[in-house]
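Worksheet for the structure shown next.
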2 protein chains.
Amino acid sequence: MYLASLGKLALGSRLKALSDHFYGAADEVYRTLGAPIESRWLPVLRYLWDAGPSTVTDVANAIGQTHSAVSQLTDKLVRAGMVRRRRDPADGRRTVLALTDKARGALSTLGPIWCAVRRGVNASLDEHAAHLLDAIAACERALQDRPVAEAILAEHAAIKAAPLQIVPYAPALRGDFYRLNAQWLERHFQLEEIDRAVLSEPERHILQPGGAIFFARLGDEVIGTCALLQESPGIFELTKMGVDETFRGLGAGRRLLDACIAEFHRRDGRMLFLESNSRLQTALRMYQKAGFVMQPSVRPGSHYERADVYMIYQPQT
Amino acid sequence: MYLASLGKLALGSRLKALSDHFYGAADEVYRTLGAPIESRWLPVLRYLWDAGPSTVTDVANAIGQTHSAVSQLTDKLVRAGMVRRRRDPADGRRTVLALTDKARGALSTLGPIWCAVRRGVNASLDEHAAHLLDAIAACERALQDRPVAEAILAEHAAIKAAPLQIVPYAPALRGDFYRLNAQWLERHFQLEEIDRAVLSEPERHILQPGGAIFFARLGDEVIGTCALLQESPGIFELTKMGVDETFRGLGAGRRLLDACIAEFHRRDGRMLFLESNSRLQTALRMYQKAGFVMQPSVRPGSHYERADVYMIYQPQT
DNA sequence: TTAAAATATGTAAGCGCTAACGTATTCTGG
DNA sequence: CCAGAATACGTTAGCGCTTACATATTTTAA
C-alpha cells in the first residue's frame, strides 16, 4: 500500500524474492536428489556444454551477464571442480573455460531432473510465468524506446508551466465531471445507478437545487472537480470531489475545497458538512486541515451506502 | 536463449535491472530538480509522513522489508538529517523514528515532482507496468498455494517410477502423432497445409508407402514420436521426430532414433537420410551421435521449405 | 519473585551482481 | 616498427538486501 506511493518502482525486491524462491526450490531439489550442482551455475555450465570451451566474454555475452560476474562464478566452479581455466595459446589475453569430466558426468545425469524442474515449475505457475515474462519483455522494450527520466522531466516542465485555475461549471465540462468522479468511485467502491444519474446530469441534481460545481484546470486539462450541494435552505453538503489520480499532489484538491468553502460563505450558508469513507485517508486529512471536524457517528439518514465518516465545517474563528 | 535452459528461473537479474532503471530515473529527476531526496528513502519517509513517529518494526512491516533493512536505511536518513532516532520511554526496547523539519519541508514541496514521476512512468510504460504487477501478484499467490520444490520432487518421482517404452504405431495414437509434431513446428516455423495433411493421416502418407512410426511412452503418457518414411525402394527418410517440450532430457529422442535405425536395418534399407534445420541444434547433435553425417549442401529437390540441413546415416563399421 | 520466553533492535557477514579500475596482451595506423 | 587504442580479464569496492547473531528490555508463567 505504501509502496504505491512509489508507483511501479518498488518491484525490485519483490521480484528478487520471487526469483530467489525459484532458485532456492531448484537447489533444494538438486540437494535432495544428490545432484552436485547449484542452480546459479547452470547458465554457464549449460553454455559450455553446448558450445564447448569458450572465453569468459563469450560466456558472458551468451548468458547476459558482465564478464566480471562470469569471472567470479568461474572461481566457484573451479573450486567445485566443474570447470578448468586455461590461457588461450593463440591470444594471451583470453582465458578459455572448459568443463571437467566431473561436470560432464554430472550434467549428463541431469536430464530427468531438469525435466522434473520444468514440469514442476509449470505445474505451480502455469501461464502466470508466461505472462510475467511477456510483461517484463514489454517493459524492457518500452524503456529502450524512451528513457523514463526524460519523460518525467518533460512532464514536470509541462506541469510547472501550466497555471492551475479554478473555474465554475460550464456545460462543456459535464463529461469531465462524470469522468473525474467515476475514476475514484470505481477504484474504491462500485459505481451505482444513482451515481450515474447524478454524475450525468449535474445541472438537474446539483446546480438547480441551488448548488455549485467547480473545476480545476491545469493548462488545457481538467484535472479535478468538487461540488457544493444545497440539501435544504442554508444547509450545504460538500460532495463529488475528485482529482485525477495522475495529477494528485499539485494542490488542486485543496484549491477546489477552498473555492467551495468560499462559495458557501458567499451564499451565507448556515451549515456545511460532508460524508466520506475511512479508506480515503488522504482526503480526510485534507478536509481536517481545511476546517472540517470528524463527528462521532455517521450522519443520520445518510443516503450514501459507502459513507462511514461524517464531518462538519467548524472553522476556529 | 541459454537462460531458457533454466526455464523461468533467470528472472531475478532482469527484474532487478528493470527496477534499478526506475530508481535511477527517479533519482536523476530528483537531482536535476534539486530535491534533496533519494528514491530508496521514499517508502520510509512516506510512511513516517502518513503515520507519524513509528518504531522500526512498524515501518518494516508497513513497507514490506525486514527490520534490518529499515535500520540500515535509517542510518542513512539520520546521516542525511531527515530522520531522528529516539528511545521509546514507554518501552526501552523500541526505537522511535520521526521526521525532522527538514524532511517535512522537503516532502511538502515534492507533490509536483511525484505527480510528474507518476505521469512520466505511465507515459513510458502505459499498461505494461500494470500487466507486470498483475503477473507478479499472480505468481506470488501461486507460490503460496504450493511450494515449488514439492511439485518438482513429485514430478521427479513420477518420472522415475514410470518406464520409458518404445511402441509401434496404433490408430489410437494418431492424435499424439499430430500433437507432438505440431508442437515444435509451431514453435520454430509455421504449420503448413502439407504438414497438416501428413500429420492427420499418417497411415496414408507414411505407413502405406512402406514406412514405420514409433512412439515413446512414459507410463501412460505419450511423450515422443519419430517416423521412418520410404521415399523409394530401399531409400528411407527419418522424419517427424518430436518430443514433448516438457519431457525433454529423458533420452526419449535417442531411444526413438535407435528404434527407427533398427527398423531401417531390419528392412535391409540401402540409404537413410534426414533433413532438418540449423536452428534445432540439440536435435542435430543427437543425429550426429547416432551416426548421421552432415552433408555439405541441402538435399537436391527437397520438398521442405524449412530444411537447410541434410544428413546421411553412415555408421562407422 | 524470578527464571525462561518473547520481543525489539542493531551489527556483521554474506549474496549476486555491477561499475570502476589495473594489468596484461593484441591490434592499428602512421 | 612502435606508440597509442582496443580488447580481455581479474580484482576491488560497493549496492541493497538477507540471514544469523548479539544485546537489550519486557512479558509470562511457575
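What you are looking at is a predicted structure, and each value in this text was computed from that prediction instead of being measured. Chain naming here is simple, since letters A, B, ... match the order of the sequence lines and numbering starts at 1 in each.
Using a 4.5 Å cut-off on side-chain heavy atoms (C-beta onward), A:I152 and A:E155 make no contact.
Atom NE2 in B:H67 sits about 12 Å away from atom C1' in C:dA12, given to the nearest Å. Per the geometry, NZ belonging to B:K76 stands 15 Å off C1' belonging to C:dG10, to the nearest Å. Rounding to whole angstrom units, CG of residue A:L77 and P of D:dG10 are separated by 12 Å. What separates CG of A:N61 from P of D:dC9 is a distance of 10 Å, to the nearest Å. One interatomic measurement links the two molecules: CG of A:D75 to C1' of C:dC15, which rounds to 15 Å at whole-angstrom precision. Going from atom CG of A:D88 over to atom C1' of D:dT7 covers 13 Å, rounded to whole Å. Atom CD in B:E38 sits about 16 Å away from atom C1' in D:dC17, given to the nearest Å. Atom CZ of A:R79 is separated from atom C1' of D:dG10 by 14 Å (rounded to the nearest Å).
Summary of the strand contacts: A:T66 and B:R85 both lie near DNA chain C, and taking for each the nucleotide with the nearest heavy atom, the more 5' one is attributed to B:R85.
Residues B:R87 and B:T95 bring a donor and an acceptor atom of their side chains to less than 3.5 Å of each other.
Set against C:dT18, D:dC9, C:dA13, the side chain of B:Q72 has C:dA13 as its closest nucleotide. Nearest nucleotide to the B:Q65 side chain, out of D:dT18, D:dT11, D:dC9: D:dT18. Of the candidates D:dG16, D:dC9, D:dA20, D:dA20 carries the atom nearest the B:S68 side chain, counting heavy atoms from C-beta on.
A heavy atom lying under 4.0 Å from DNA chain D marks the following residues of residues 90-99 of chain B, by number: B:D91, B:G92, B:R93.
The side-chain contact (heavy atoms from CB on, under 4.5 Å) with B:R85 is formed by just one residue from the set B:T74, B:V96, B:V56; it is B:T74.
Listed for the A:D27 side chain is a donor-acceptor partner under 3.5 Å among the backbone atoms of A:S39. Judged purely by atom type and a 3.5 angstrom limit, B:K160 has no side-chain atom pairing as donor or acceptor with the backbone of A:P112. Judged by distance alone, with hydrogens and angles left aside, the side-chain atoms of A:R248 form a donor-acceptor pair with the main-chain N or O of A:V243 at under 3.5 Å.
Across all their heavy atoms, A:A98 and A:R86 have their closest contact at CB-NH2, 4.0 Å.
Counting atom types as modelled, B:S71 pairs no side-chain N or O with a base atom of C:dT11 as donor and acceptor under 3.5 Å. Judged by distance alone with a 3.5 Å cut-off, no donor-acceptor contact links the side chain of B:T57 to the base of C:dT9.
Taking 4.0 angstrom as the limit, B:T55 places none of its side-chain polar atoms (N or O) nearer than this to OP1 or OP2 of C:dA8.
Among the protein residues, A:R87 comes within range of no part of the nucleic acid, since none of its heavy atoms lies under 4.0 Å from any strand.
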